Amino acid sequence: EITTGINGLEKVILREIHGSSVEVYLYGAHVTSWKNEQGEELLFVSSKAIFKSPKPIRGGIPICFPQFSNLGSLEQHGFARNRLWTIETDTPPFPPNVTNGVFVDLLLKPTEEDLKIWPHSFEYRLRVTLGPGGDLMLTSRIRNTNADGKPFTFTFAYHTYFSVSDISEVRVEGLETLDYLDNLQNRERYTEQGDAITFESEVDKIYLSTPTKIAILDHEKKRTFVVRKDGLPDAVVWNPWDKKAKSIADFGDEEYKHMLCVEAAAVEKPITLKPGEEWKVRQELSAVPSSYCSGQ
Ligand code: TA6
């Protein structure tokens, strides 16, 4: 269903017969809502989010392309998240055939303006799929359509903001003992300790060569988010905590307690595509009941 969202911005609502739903704005191809069959909101969107170009929406799943963070000359996290995407109906089939559930295909191509800041032609197709069990899958296909024979190189992340009851009672499993670049220490390389990650201060880490599956356990809700990713070797974990949150205008002062970003990404090894080449990646999110008790 295509409808008008905040500030007159168009959004698509995907509804699944058992009651789960997803909302994605054409602005930024930005998923802003993912609800389970009980109607619980699983993503965090700040109460101070500004739904107005050129500001990216604070929360949901920003698409970071063609640049993650400040790893290049573009604006922070690139420009795909503050561009107007279009709905594509006659999309070439997605391999693997991602068609179970309900989905919408969104397309982004660079404008003349974009080509001035990033002189490369591309077609970025994003398929947002809500599966029969309420899983949310994002599948990206990015093709180099340069007519000048030139390759291009980019970095990428699905900058997912999960909604959590209380960040101090959340654990992340799957990143133990991995190397990471610490954004709070000049992106120096460290090695993670041996047990699940917990949170008691600002965290901004790019974990490298991570496993396909990462789990985020919410104690109070007895719920585990599972991130399954394909083609995205890195994972960024971010919580601004109190001081940083206060310094971000579109972030409520206390909201850091109720969110955690775990971002499937390609950062350490930028991706290079030759003309005609296509890069296909995906992340699948599920929210399952878990018997996790904090302090285990
Ligand atoms: O993914 C973590 C990060 O790069 C942090 O360093 C912080 O800047 C966050 O993204 C939010 O960035 P944004 O541009 O959306 O405010």
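As the structure lists them, so they are numbered: ligands from 1, and atoms in each ligand from 1. Keep in mind it's a predicted model, so treat the numbers as computed, not measured.
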Participant: Could you name the protein residues that come within less than 4.0 Å of ligand 1, counting only heavy atoms, and order them by chain and residue number?
Facilitator: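 Close residues (ligand 1, cut-off 4.0 Å): Arg58, Phe68, Gln76, His77, Arg81, His159, Asp204, Val236, Trp238, Glu263.
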Participant: Checking salt bridge (Lys or Arg N to Asp or Glu O under 4.0 Å) against Glu88, which of Arg125, Arg127, Arg141 comes through?
Facilitator: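 Exactly one option meets the salt bridge (Lys or Arg N to Asp or Glu O under 4.0 Å) with Glu88, and it is Arg125.
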Participant: Name the orientation class of the two ring planes belonging to His159 and His77 (parallel below 30°, tilted from 30 to 60°, perpendicular beyond 60°).
Facilitator: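 It falls in the perpendicular class, over 60°.
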Participant: For the residue pair Phe65 and Phe122, is the inter-centroid distance of their aromatic rings smaller than 6.0 Å?
Facilitator: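 Ring-ring flag for Phe65/Phe122: true, centres closer than 6.0 Å.
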Participant: Which residues end up grouped with Ile50 if you chain together Ile, Leu, Val, Met, Phe, Trp and Tyr wherever their side-chain heavy atoms are less than 4.5 Å apart?
Facilitator: none
Participant: Do the non-hydrogen side-chain atoms of His219 and Ser165 ever get within less than 4.5 Å of each other?
Facilitator: no
Participant: Between Lys243 and Glu202, does the salt bridge (Lys or Arg N to Asp or Glu O under 4.0 Å) criterion hold? Intermediate values first, please.
Facilitator: CA-CA 8 Å; Lys243 195 158 147 282; Glu202 181 181 359; over 6 Å; no
